[in-house]
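Convention: sequence-line order gives letters A, B, ...; per-chain numbering from 1. Every value quoted in this text rests on a predicted model; they were computed, and no experiment measured them.
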Amino acid sequence: GPEIVAGPGANPECFAPWSDDTTYLQWEAKEAPYKIAVVNGFVGNTWRIQMIKTAKAFAEDPAIKDKIETLKVVSTGTDAPAQLGAIEDFINQGFDAIITIAVSPDGFDRVIRLADKNDVVIVPFDNVLDTDKVMQVNEDQLEMGRTWAKFVLDQLKAEGTTSGKLLEVRGLPGNSVDRDRSIGIHEVFDADGGDWEIVQVVGNWDDGTAQKVTADAIAVHNRFDAILAQGGTTGVVQAMMDTDHPMVPVAGESENGFRKLVAKHADEGLKGISIGQSPGLVAIAIKAAISALEGNAMPQLISVPLPIATYDELEDGANYWSDLPDNFFTVNEFPPCGVNISGPAIMSQDESDVN
Amino acid sequence: MHKSTLMRYFSQNLGVVTASLLLIALYVAYNFMHPRGFSTAVAVQNTNEAAAIAFVAMAQTLPVLLGGLDLSVGAVMTLCNCVASVLVNGTPGEIVFGMLATLATGTAFGALNGCIVVYGRIQPIIATLATGAIAIGLALIVRPKPGGDVDGDLGWALTNSVWDFADTYGLADGGDAWWLQPFVDIPVPFLLVVLVAVCVWLPFKRTVTGRTVYAIGSAEGAAFMSGLPIDRARIAAFTLGGFFAACGGLYLAIQTSSGNADLQQAGAYTLNSIAAVVLGGTSLLGGVGGAIASLIGACILRVISFYFRILDIDPLLQPLIEGIVLLVAVSFGAIRTIRVRNKLDLFR
Amino acid sequence: MRISVSNENKPIVIASFFVVVILLAGTAYTLSTSGAAPLLSPNYLLQQLQTGSFLGICAAGMMMVILLGHIDLSIPWTLTAAAMTATAVGGEMALPTALAVGIAVGALNGFGVAFLRIPSMIFTLGVDTVLRGLMVAQTGGFAPQDTATPLMLFLSKERILGIPVAIYVWAAVSLVIIIVLTRTGFGRSIYATGSSERAAYLSGIRTRFVTMGAFMMSSLCASIAGVLLAGYSAKAYQGMGNAFLLPAIAAVVLGGTHILGGRGRYVGTLIGVVLIVLLNSVLSIMQMPEAGRQIIYGTVIIAMLLVYGRNQRVTS
Amino acid sequence: MTESIVEYRGISKYFAGIRALQSVDFSCKLGSIHAVLGENGAGKSTLIKIMSGVLQPDAGEILLDGKPVSFPTPQSANEAGIVCMFQELSLVPDLSVAENISISHPPRRFGLINRREQVRRAEELLARVRCEDVDPNAVVRELSLSRRQMVEIAKALGKSPKVLILDEATSALTSRDVQTVYDLLAELKAEGVASLFISHRMHEVDALCDTLSVFRNGQHIETFAKGEKSEREIVHLMIGRDVEAQFPPKPPAPSLPGRGEPLLRVRGLSWQNRLNGIDLSVHGGEIVGLGGLDGQGQKELLLALFGVLRDVDGEVVIGGKKGIPSSPAAAKSAETRLALVPEDRKTEGLMLGMPIADNLLASSFQRISRGPFIDPVLSRKTVEEGISRLQIKTGSASDPVMTLSGGNQQKVVIAKWLMIDPDVVLLNDPTRGIDVGTKQEIYKLMRDLANAGKAVLFYSSDYAELIGCCDRVSVLYSGRVVAEKQGDEITEESLVAASLNIDVEAA
Ligand SMILES: Nc1ncnc2c1ncn2[C@@H]1O[C@H](COP(=O)(O)OP(=O)(O)OP(=O)(O)O)[C@@H](O)[C@H]1O
Ligand SMILES: Nc1ncnc2c1ncn2[C@@H]1O[C@H](COP(=O)(O)OP(=O)(O)OP(=O)(O)O)[C@@H](O)[C@H]1O
Ligand SMILES: [Mg+2]
Ligand SMILES: [Mg+2]
């Protein structure tokens with residue numbers, strides 16, 4: 001298993017520690033090239049597909065191509081034993097590192113124990129584990145919630161609104177990401193002291209569901225002063241427009257569709273902020289795994305900066321694409337890490353492919 | 001003339017026999033292709049992965065034998081998983097109590113299903129669609145967020161080989177006793193599944209109640225006229241199904257040391273359990289088949305997914321291939337259709 | 001032609017009664033908490049029916065299959081696949097493409113169930129998985145266009161005479177189904193086949209084609225729902241059909257269709273859909289947490305089936 | 001005579017207002033074989049279902065050995081020594097013969113079923129009913145109907161009954177098995193067992209029973225000892241009127257040559273090992289019977305002609321069209337116009353839960369449709385015609401067909417096929433379980449069809465019917481036609497001899 005060492009770690013611009021008390025882990029160095037596996041859970045949505053394609057594409061990147069002997073990607077579905085089994089199987093097969101999006105934030109004790117026994121580096125990202133025994137990569141979900149809330153608060157204050165009714169569209173119930181983002185949002189509004197009523201609906205991070213629950217909420221409550229959506233934001237805005245709800249500030253994810261709508265309607269009051277959980281995180285996780293295998297000291301929890309774009313920063317062709325589908329996630333590049341795979345480059349082999 | 005016993009067994013159990021052969025072929029080939037094939041580590045990993053679905057497939061078998069379907073098995077398993085994640089920790093006494101309470105929860109829920117079906121006289125498929133929702137609701141109340149701390153030693157002991165089990169609890173000289181040697185390499189989850197199958201299912205099948213379950217699925221009217229205890233058998237079948245689902249949930253909790261009231265996972269388990277039952281050769285019309293067959297069916301499902309890890313298949317094509325393999329596997333049932341010479345035999 | 005037996009109408013009457021109860025309970029709740037009664041406003045109801053039309057159309061198709069004593073588990077991804085291919089093709093051909101996908105999937109399902117005689121429960125499950133795999137591969141390989149065409153937008157969002165077009169579409173589908181079920185030999189053959197396939201076959205009914213036809217209608221309905229849903233969301237996306245399977249089955253059964261086939265009236269299915277849509281929206285107005293929602297959902301289904309009267313005990 | 005073992009006092013039973021039994025007083029005595037007679041729907045099955053715990057009476061009481069009892073379930077009746085063989089068999093098709101025979105009280109060891117002992121027991125009981133050829137380990141589904149009935153009898157014996165009830169339990173038995181049953185019942189009688197015997201075959205009742213009870217319209221009409229009344233009187237009691245000739249008169253046998261092409265000609269028909277080169281022809285205007293022991297290929301022949309079997313070899317010409325229809329739908333098409341009244345009306349002839357009207361129309365949707373749409377006026381007219389033509393006794397055409405009595409259900413099946421105006425009518429034992437009155441109507445109908453120029457091919461397990469109805473009889477033995485009799489040659493002896501494949505002339 002890894003040793004706990006003192007920082008700083010390698011390449012701190014890219015592998016930024018989560019906080020000051022983040023510990024550092026160090027594995028014994030191994031000879032390149034490495035065998036790396038990505039064990040995904042569920043596969044039936046665009047985000048996951050984009051993530052898988054990013055992983056494949058990143059492995060072909062000249063900077064790391066030589067360090068990877070094989071990159072294997074499997075999707076196990078939402079079944080925890082299948083995911084744990086796949087990880088264990090790769091350990092048995094002698095893989096060096098395993099990147100994973102955990103189906104459940106717990107239950108990895110056994111595979112972590114096995115991985116440590118076999119000196120395998122496990123790197124959970126996106127849906128991370130409630131443990132400090134492995135190196136993990138994520139964006140700060142709490143911070144994301146706070147940023148959304150601060151932005152909305154600022155917009156409202158600028159209009160002179162200091163109290164009112166807000167709509168919060170939450171994600172998958174029970175998920176830790178959903179929980180953290182929501183906590184972040186409420187923290188800020190509670191601290192503000194204004195009289196804010198927050199109506200919560202469950203949108204499952206899915207456009208259709210989010211659209212339906214938003215439409216229902218608008219029908220019942222008539223008017224909200226702002227909307228904070230964890231995902232399915234395109235659907236949320238769509239519902240606003242369908243119900244002729246006045247354009248109000250919206251905080252949301254990084255779907256291309258949402259950014260397109262914000263760019264188009266910002267003047268009418270759709271002041272939006274778009275922060276995304278990027279499918280590109282997988283690339284950073286792979287990079288972190290390689291760095292760890294090379295024997296570098298690594299932060300136990302790596303914080304990837306939030307890719308924020310507010311309505312006044314949107315630029316067609318740079319951080320959104322007006323001629324491309326709604327459904328892919330815009331933010332995918334992390335320059336400090338040398339990860340430069342843009343959404344459109346991933347999701348379409350060539351530009352002519354898309355209209 | 002009377003056929004020989006063996007011939008008769010084969011002809012009457014064609015489904016199970018084919019499934020077993022298929023499983024053996026698939027599994028042996030997998031081990032040959034695996035860099036560490038035919039080793040305890042691989043066997044432990046494989047059986048761990050298959051245990052929960054095997055239990056759930058056994059749970060699904062009973063309602064199917066009755067000629068119905070239980071759409072709540074996945075949900076009941078999830079509920080038990082959540083209950084176990086809360087209760088199975090602390091002193092050895094508390095742990096044992098937690099395990100019993102978990103099994104009792106599933107068994108009770110199964111009995112509830114049975115009572116609704118029998119006394120409410122609602123079709124099982126639709127009754128369990130509803131009770132499944134209730135089970136998930138309860139699971140969410142028990143465990144609103146995934147997590148839990150199931151006893152770690154227990155988790156380690158039950159998810160490894162017999163040697164590790166003995167080692168963890170200091171039994172049989174820490175696993176080194178001479179009499180244990182022939183067994184040290186057997187994975188514990190394998191033993192657990194076999195134990196439940198042999199000690200619960202096989203005796204059940206050989207009681208009048210168990211036979212009544214088959215009789216109901218085959219011809220309910222005839223069963224009633226023959227003076228068989230119909231209601232008791234129905235309730236017993238659902239109860240036993242609940243017990244098997246609870247075994248699955250308990251094992252899942254021990255394996256993942258946590259509980260997760262995940263709706264999608266519950267749904268996936270239910271659907272996979274049906275697929276496993278069919279692959280094992282149990283007829284969805286009822287009356288033919290058994291839990292052992294479903295167990296084999298569940299293993300086939302799992303082994304198929306093992307192959308994605310050793311073959312080089314484009315990850316984005318994996319779901320497609322998985323679907324096609326499933327479709328083709330169940331389409332083997334069509335061979336019977338093609339062989340039928342009297343078309344009336346098709347409408348059973 | 002078919003003269004309804006009073007037993008068949010009982011579930012319909014009871015379900016209608018429940019619809020009223022739900023409306024009143026929901027209104028009582030909103031009146032007591034916010035002093036308004038949005039549930040009774042025509043606009044809110046129309047909007048609920050507009051989103052309910054997707055479920056309604058899926059349930060209409062599902063009913064054909066359930067009348068045969070089968071079930072179609074491939075609805076979620078049939079819907080999704082139809083919508084995704086339609087938007088990918090785009091333009092004039094979008095709608096015909098969606099319908100063609102529906103018909104093709106239905107033909108495949110029907111072939112597996114009627115000709116290969118694989119239990120529908122498992123064959124359609126397999127088809128669903130295959131379709132999901134295809135859509136994953138398609139999204140990953142070809143970066144399909146996903147924006148809804150203007151026609152799709154019109155069909156699900158516009159209003160004519162103040163009523164959403166989606167509701168007209170639902171009404172049209174319903175009308176077609178009612179006519180098929182009551183006034184055509186095909187429809188009567190569905191009932192006959194569902195009641196006893198053996199007897200229907202020996203009566204010279206081509207039961208295999210009847211089965212194929214019913215599955216094709218089911219998938220066709222799913223694809224229409226997919227088109228509407230894509231129009232409503234302005235785009236097609238993975239997993240858009242996931243929310244429709246179990247509610248569609250529940251709606252059909254709550255409407256009094258027998259899950260083992262042979263019996264049921266379409267009006268019942270309509271009311272079943274309305275019931276489920278209203279129940280869902282009342283629960284979400286109450287901001288009921290997921291746990292409570294699931295429990296209430298299950299309890300309502302069981303309670304209603306108990307009220308409908310229990311099945312005959314089998315004694316011979 | 002001995003004491004009555006079971007006694008009914010004022011038993012009544014209603015079904016949704018329909019009277020099935022009305023204040024019935026009835027008793028049966030130990031050591032007697034007691035026949036229960038009555039037309040379809042007279043209440044016989046209801047009577048014995050109450051006795052055996054399947055149904056509960058609405059009024060009245062049952063005395064067993066003089067003590068009032070009630071049987072809430074078949075199990076409780078069994079425990080009291082009342083064992084019933086139901087009209088619809090109570091065997092479980094997917095369990096083995098041995099399991100079926102000891103189904104409710106299997107031999108056990110350590111609380112679990114002892115399979116070896118179970119097989120031994122089955123062998124013993126099968127030997128008692130002279131069915132050593134039945135493998136106790138065979139699944140019941142694999143057995144023919146007649147074998148199943150014998151297994152059912154073995155199963156009943158295994159419960160050591162004090163009262164044994166046979167509700168049309170012998171309807172599919174061949175003469176050899178019937179003889180076995182006779183012997184058995186005589187044996188049981190000697191042991192003091194009371195037997196209740198329900199059958200629509202008068203000659204069986206005559207040969208077997210010592211006491212007869214007649215039911216009509218849910219009422220017990222009369223009980224008397226055998227020989228007190230003539231058959232004619234008994235039939236009068238049953239149906240409330242006199243029955244003239246049992247069979248309609250046959251037309252004089254025309255000479256075969258010079259009648260032109262037969263409507264149905266079969267040459268060298270073979271299928272699996274069940275049909276081994278059948279030659280047969282049926283002309284318009286004649287009724288041809290299929291004779292022979294049960295299971296010699298008669299049913300397969302009818303199914304093959306109707307397009308139900310796959311891989312049938314041989315040459316078939318139907319109404320000038322060559323070839324075997326590929327399915328029932330093709331068989332009934334305008335070109336061949338074949339109709340089949342199947343063996344088991346409940347599962348093969350009717351959609352039991354559907355309205356009578358829909359059942360009547362099930363074969364003729366095309367005929368009553370304009371384009372794809374059913375013409376409501378035409379369909380109503382067609383249904384009314386069908387009901388009145390066969391005098392089906394129904395309340396409303398929209399009632400489920402399962403509310404009809406057996407005979408009327410059978411009429412629905414026949415009426416359904418008459419609607420397509422068939423040229424060739426195949427009948428598979430159409431009078432099984434049908435009462436005397438209805439049987440007559442069916443015989444008359446067959447003759448009318450023949451007189452209208454149709455060809456009728458008719459299988460029956462009852463020799464009397466073949467003799468009374470048919471212009472010609474082809475006797476099948478192991479999938480071949482071994483004899484063809486016509487006119488006066490059709491006698492019981494000649495048919496029996498041919499069935500056993502004995503050459504009478506040579507003997
Ligand atoms: N389950 C039932 N539901 C409604 N009516 C019934 C039911 N069982 C019997 N009946 C009524 O009782 C009458 C007597 O039926 P029963 O079966 O006893 O006649 P049966 O004498 O056995 O006739 P068969 O000779 O056809 O066997 C029937 O005509 C029918 O109207
Ligand atoms: N659901 C029902 N509703 C009304 N009447 C019924 C119903 N089910 C059965 N019956 C009546 O019960 C009687 C007895 O049923 P059973 O199944 O014994 O038929 P049966 O008349 O004896 O026919 P068969 O001569 O073919 O044996 C039938 O004659 C029928 O009239
Ligand atoms: Mg009867
Ligand atoms: Mg009868």
Side-chain angles (χ1 to χ4, degrees), chain A residues 35 37-44 48-53 55-56 70-95 102-114 117-118 127 129-131 172-176 178-179 204, chain B residues 34-37 39 41-42 44-53 81 85 140 143-150 152 155-156 159-160 189 248 251-269 272 302 305-306 308-316 318-319 322:
Chain A
K35 293 165 80 174
V38 177
V39 178
N40 174 40
F42 175 67
V43 68
R48 296 293 175 113
I49 293 171
Q50 199 175 337
M51 182 278 291
I52 290 172
K53 293 198 76 175
K56 284 292 218 189
T70 31
L71 178 82
K72 206 161 248 174
V73 186
V74 294
S75 300
T76 56
T78 50
D79 181 6
Q83 186 173 52
L84 296 173
I87 295 175
E88 192 171 331
D89 197 351
F90 284 124
I91 296 174
N92 284 338
Q93 285 186 38
F95 274 67
V103 167
S104 147
D106 280 290
F108 280 65
D109 306 6
R110 176 187 158 75
V111 289
I112 293 172
R113 215 151 139 176
L114 281 175
K117 219 162 98 182
N118 293 281
N127 284 347
L129 304 180
D130 292 344
T131 174
L172 269 186
N175 192 290
S176 64
D178 167 67
R179 174 196 61 199
N204 290 349
Chain B
H34 196 287
R36 282 179 65 191
S39 68
V42 172
V44 164
Q45 182 269 309
N46 294 164
T47 45
N48 259 322
E49 192 174 341
I53 183 69
N81 172 231
S85 75
L140 276 168
R143 188 155 279 300
K145 302 187 176 72
D149 54 334
V150 175
W156 183 254
T159 53
N160 281 293
Y251 189 79
L252 192 60
I254 290 171
Q255 182 186 9
T256 62
S257 61
S258 64
N260 185 0
D262 182 348
L263 190 79
Q264 298 190 8
Q265 176 170 307
Y269 266 87
N272 280 333
R302 277 299 196 231
S305 67
F306 293 169
F308 291 112
R309 304 172 197 160
I310 42 175
L311 298 178
D312 219 357
I313 300 171
D314 182 338
L316 290 175
Q318 283 170 13
E322 209 169 349

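- Shown here for A/R110 and B/T159, the closest heavy-atom pair between the two residues is NH1-O, 2.9 Å.
- When B/Q265, B/R36, B/Q45 are compared by the number of non-hydrogen pairs under 4.5 Å with chain A, B/Q45 comes out ahead.
- In terms of heavy atoms, B/A52 sits closest to A/P81 at CB-CG, 4.5 Å.
- With rounding to the nearest 0.5 angstrom, the CG atom of B/D262 is 5.5 Å from the OG1 atom of A/T78.
- With chain B as the partner, the residue from A/E88, A/R48, A/K56, A/Q83 showing the most heavy-atom pairs under 4.5 Å is A/E88.
- In this structure, A/D130 CG and B/D149 CG are separated by 12.0 Å, a value rounded to the nearest 0.5 Å.
- Of all the listed residues (A/A86, A/G77, A/A55, A/A37), the one sharing the greatest number of non-hydrogen pairs under 4.5 Å with chain B is A/A86.
- Scanning all heavy atoms of the two residues, the minimum distance from A/K72 to B/I310 falls at NZ-O, 3.5 Å.
- Across A/D106 and B/G147, no two heavy atoms sit closer than the pair OD2-CA, 2.9 Å.
- For B/A268, the part lying under 4.5 angstrom from a heavy atom of chain A is the side chain only.
- The backbone N or O of A/D89 sits nowhere less than 3.5 Å from a side-chain atom of B/R309 that would complete a donor-acceptor pair.
- For a residue to count as touching a neighbouring chain, one of its non-hydrogen atoms must lie under 4.5 Å from one of that chain's; by this rule A/R179 touches chain B with the side chain only.
- The residue among B/S85, B/P35, B/S39 with the most heavy atom pairs within less than 4.5 Å of chain A is B/P35.
- Here the shortest heavy-atom pairing between A/V74 and B/F308 reads CG1-O, 3.6 Å.
- Of the possible donor and acceptor atoms, none in the side chain of B/Q255 sits under 3.5 Å from a partner among the backbone N and O of A/A80.
- Atom CG of B/L316 sits about 5.0 Å away from atom CD1 of A/I52, to the nearest 0.5 Å.
- Using a cut-off of 4.0 Å between Lys/Arg side-chain N and Asp/Glu carboxylate O, B/R302 and A/D79 are scored as salt-bridged.
- The ring pair (Phe, Tyr, Trp, His ring centres under 6.0 Å) check on B/Y251 picks up nothing, with sequence neighbours excluded.
- For B/L311, the part lying near chain A is the backbone, with the side chain staying farther off; criterion is any non-hydrogen pair under 4.5 Å.
- For the pair B/H34 and A/N92, the tightest heavy-atom approach, listed with the atom from each and the gap, is CE1-CB, 3.9 Å.
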